[in-house]
There are 4 protein chains.
Amino acid sequence: MSTQKKQTSLKHRLHEIIYEADTPSGKLFDVVLLIAILASILFVMLESVQSINDTYGDLLNIAEWVITILFSIEYVLRIISINKPWKYIFSFYGIIDLLSTIPKYVSLILVGSHNLAALRALRLLRVFRILKLARYIGESNRLLLALRASRAKIAVFLFFVLILCIILGTVMYMVEGAENGFTSIPRSVYWAIVTLTTVGYGDIAPGTPLGQLIASVIMILGYAIIAIPTGIVSSEMVRAKIHTNTQACPNCLKENHQDGAVFCYHCGHELNE
Amino acid sequence: MSTQKKQTSLKHRLHEIIYEADTPSGKLFDVVLLIAILASILFVMLESVQSINDTYGDLLNIAEWVITILFSIEYVLRIISINKPWKYIFSFYGIIDLLSTIPKYVSLILVGSHNLAALRALRLLRVFRILKLARYIGESNRLLLALRASRAKIAVFLFFVLILCIILGTVMYMVEGAENGFTSIPRSVYWAIVTLTTVGYGDIAPGTPLGQLIASVIMILGYAIIAIPTGIVSSEMVRAKIHTNTQACPNCLKENHQDGAVFCYHCGHELNE
Amino acid sequence: MSTQKKQTSLKHRLHEIIYEADTPSGKLFDVVLLIAILASILFVMLESVQSINDTYGDLLNIAEWVITILFSIEYVLRIISINKPWKYIFSFYGIIDLLSTIPKYVSLILVGSHNLAALRALRLLRVFRILKLARYIGESNRLLLALRASRAKIAVFLFFVLILCIILGTVMYMVEGAENGFTSIPRSVYWAIVTLTTVGYGDIAPGTPLGQLIASVIMILGYAIIAIPTGIVSSEMVRAKIHTNTQACPNCLKENHQDGAVFCYHCGHELNE
Amino acid sequence: MSTQKKQTSLKHRLHEIIYEADTPSGKLFDVVLLIAILASILFVMLESVQSINDTYGDLLNIAEWVITILFSIEYVLRIISINKPWKYIFSFYGIIDLLSTIPKYVSLILVGSHNLAALRALRLLRVFRILKLARYIGESNRLLLALRASRAKIAVFLFFVLILCIILGTVMYMVEGAENGFTSIPRSVYWAIVTLTTVGYGDIAPGTPLGQLIASVIMILGYAIIAIPTGIVSSEMVRAKIHTNTQACPNCLKENHQDGAVFCYHCGHELNE
């Protein structure tokens, strides 16, 4: 029974360190974790640079294994120290933690897959929790809300853009042809997307006067329709800013009171909370 | 008379399947149609890729013919099953359906024209109807309304942009000349459009210091004036959001009352809540 | 005296034709003028294309001379038929009309200057007057008002962007050096503008890792700060939409009445116009 | 004592000339200073152009030394003429003034560092003070306020963009590989930033069909999410426009009352108009 108690206490202590950021040890754990994540991303990046890999390849490999094993231990501890392990395992962060750890193991069998360890970048999202930036979390939530509200409109917009690019790409394929780099319809559609989004690599560019005329139309179109998603999100955010108080004055029924108002701005009657 | 009745019943049944999406058979028809459209677009795209066409060209050709014949049958059935065939034939979808079917037939006479079958992409717009996404249709209608309201402003804006590009293109043609790729005024105007819209292919780029100075001005101009269409659409959408009061005055039937209005702004009659 | 009267009448008739667009003859004049402007721009453009100039050069030259002489006659008639000629000569359209006519004459002395005839594109602005699109003129006026209101903010913004580009360009010149195309500070500043405005020709592109890192920062900066001019113009336009009625109710002093409101929306009292 | 008095008077006089722009001599000083700054930036730029440096190198070098010495004298005078020299030295303008002066001296030891004199561009910010454009300063303050209010949201947004670019860059590195220019993960991340921000140099461009598909997704993503910073800043600015009521409650001193408010929203006390 004493052993069980000790176990419970240990589990509790672990939970405190790993999942909470209020205690000094919990905070230390989170900061160390963040540094380890940043280091591991840096290592994967550096290893991919040929010249660095030739010189420091073995060192980087060892460093990555050390971090991978540390992450594995952390993952196991996270599962052990929580009461409902499955809830963590299938949570957003649980899945990311797993995906961040396995690529290095898989690389033993499948060469090259360790690059997927760059997925660890997603773990950086923890920074919001670690720094206890409740304000930042609030901000990102408000951002997400505004985006969610405009989701349907944005989807409709992107759907139109895609159909437009398919048709314009096909037209350009017929106008320009393979000799100007428009070797197939998919490639022409790719070009149409590059042009409409105003990216404009220049790896494929229209060569015939007619092609350049059509390209000009596409560009001006792209320049004008970028106003649409912007308008959607802007109006959604403006609305979120304006209508944040849904109170009505019990005396004069006036609405549109300011956030945190206690009295009606028109008749001075006290407002219900 | 019994035959006539049967015909009417058959016609009614066809109408139900083809034009309605409420019954199981109607829904099934729509989903099959959507898959066929997607497949046909994919086939046209793949056929344009040289390497794929060399290997699977015959197969793709047969598949396209099968789908074209199916689309032709569908088109005929649509005309037969409706009471006012001309209304369908000259409707937006009727014209698209026809344009989606004929390119393959034309390709028997005119080589290459079958690529126009990519116009079938427009048929994908049916997806909104099929998925019964009334919400999405509502959203796209609201989008279109906001765009329609800002149509005149956008037209004026694009007209100015075009005049600007003609003048700037001519100036650059005189400054840079043929040796830097500005071989003619139309080509220079094309370059000005590429630059002002911030696409920037780089197929033509200024080489002289004066040309680069002018190009810099054009770029900063383009960077600044993109704010104009965005501002137009945003303000239009914000306005659409703010005026959400759907009351009509019980006395004079005026609409567009302000949020929280108690009396009609036109005749002074009290409004119903 | 009779001759003087006839002259006055002729002058009056000319004024009616040239300056007014209400009478059939005035309208005809304007439409012919617009076609002549479009044709002349087309001729100048086509002449600059080498292959077309080789074949049709003489024809185009004659056509341009015909139009230039017609424009000259029009210009003289405009001066004659108006009571205050200087007012026209120094007006916006007066200066444009002159600038559109002289390049062809100057080209007799200065070869190449006839390309400046592309300034005729500015004459196209008359289209608004000709088509009597009062609505379009109203729209463009409102556009100009919103832009004028945000002029100071936009100027401050562009000033900061320019200083930023000078400093970033210099840093890149020191980091990348001549071997990567950053041959001088002005050229590097040009590159910084190309990058910050997200044009991105690719004629100059960073080659060193440090240069690419700085370039990434510039790009993300440019991606983020484009929000500033957009936000300025949007908010200006939204404000223009919202505050269009400056009435105050004479009874309850409520403001923010709807456009065209006759009665106060709050107390029902009649509003002063 | 008389000497001390004279010194004080001289100091006072210097302060008037250097720090104030109201007196004629103060204004003259500021205008001369501005011209000197512009000239010095021009000299540094011209010196970096090989062909100009070959011919006028010595002249430019002398001119730069003259300006540097003048700036040094000005810096010393600024310190002498002020009562709290440290406050100036560690102020924004104080640090810029120092940084603008030392690069030329450092260039005696460290070749090439004189290019940092381009930091003098920052001194141009004084133009606002010199031209006494209180209005412009007000505008830029309002701009900064709106930006500060949206700082947290913009930070969250850029953080997401960066994580996105790291992951997308890694995926592209694995898909495209070194043969298509994606030689390392950092380089691929650089490409992802170039693409997402719609800059699109074209120095690196996807070559494989799968790579082009992913690139298309990134571009459309970049095209859509540019709406986010724009929406943030727009809504912030619109809000700044709407809440222009500068009343403070005479009872509880609460600010931010609604336009047209009669009673304090917080304590119910009547507001002064």
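- Both the backbone and the side chain of A/T230 come within less than 4.5 Å of a heavy atom of chain B.
- Put simply, the side chain of B/Y190 never gets that close to the backbone of A/A215: no donor and acceptor are under 3.5 Å apart.
- If you measure heavy-atom distances from A/A178 to chain B, you find no contacts under 4.5 Å at all.
- In this structure, OH in A/Y223 is found 7.0 Å from OG1 in B/T198, a value given to the nearest 0.5 Å.
- Looking at B/I204, there are no atoms closer than 4.5 Å to chain A (heavy atoms on both sides), in backbone or side chain.
- Heavy atoms of A/V189 lying under 4.5 Å from chain B belong exclusively to its side chain.
- Contact annotation for B/V44: both backbone and side-chain heavy atoms come within less than 4.5 Å of a heavy atom of chain A.
- Only the side chain of B/L158 comes within contact range of chain A, with at least one heavy atom under 4.5 Å from a heavy atom of that chain.
- Remark: B/D58 CG is loosely packed, at most 12 non-hydrogen atoms of other residues, nucleotides or ligands lying under 6.0 Å away.
- A 6.0 Å sphere centred on OH of A/Y88 holds more than 12 heavy atoms belonging to other residues, nucleotides or ligands.
- A/L221 contributes atom CG, which lies 11.0 Å from atom OG1 of B/T197 (distance to the nearest 0.5 angstrom).
- Contact detail for B/D203 and A/P206: the closest heavy-atom pair is OD2-O, 4.4 Å.
- If you check the side chains of A/T195 and B/Y201, you find a donor sitting under 3.5 Å from an acceptor.
- Contact of B/L162 with chain A is made through the side chain alone, with heavy-atom distances under 4.5 Å.
- Contact record, B/S234 with A/S235: O-CB, 4.5 Å, taken as the closest heavy-atom pair.
- With respect to chain A, the highest number of heavy-atom pairs below 4.5 Å among B/A227, B/S48, B/C165 belongs to B/S48.
- Looking at heavy atoms from C-beta onward, A/I220 lies in side-chain contact with B/I193 at the 4.5 angstrom threshold.
- Within the 4.5 Å cutoff, side-chain heavy atoms of A/I166 are placed close to those of B/M45.
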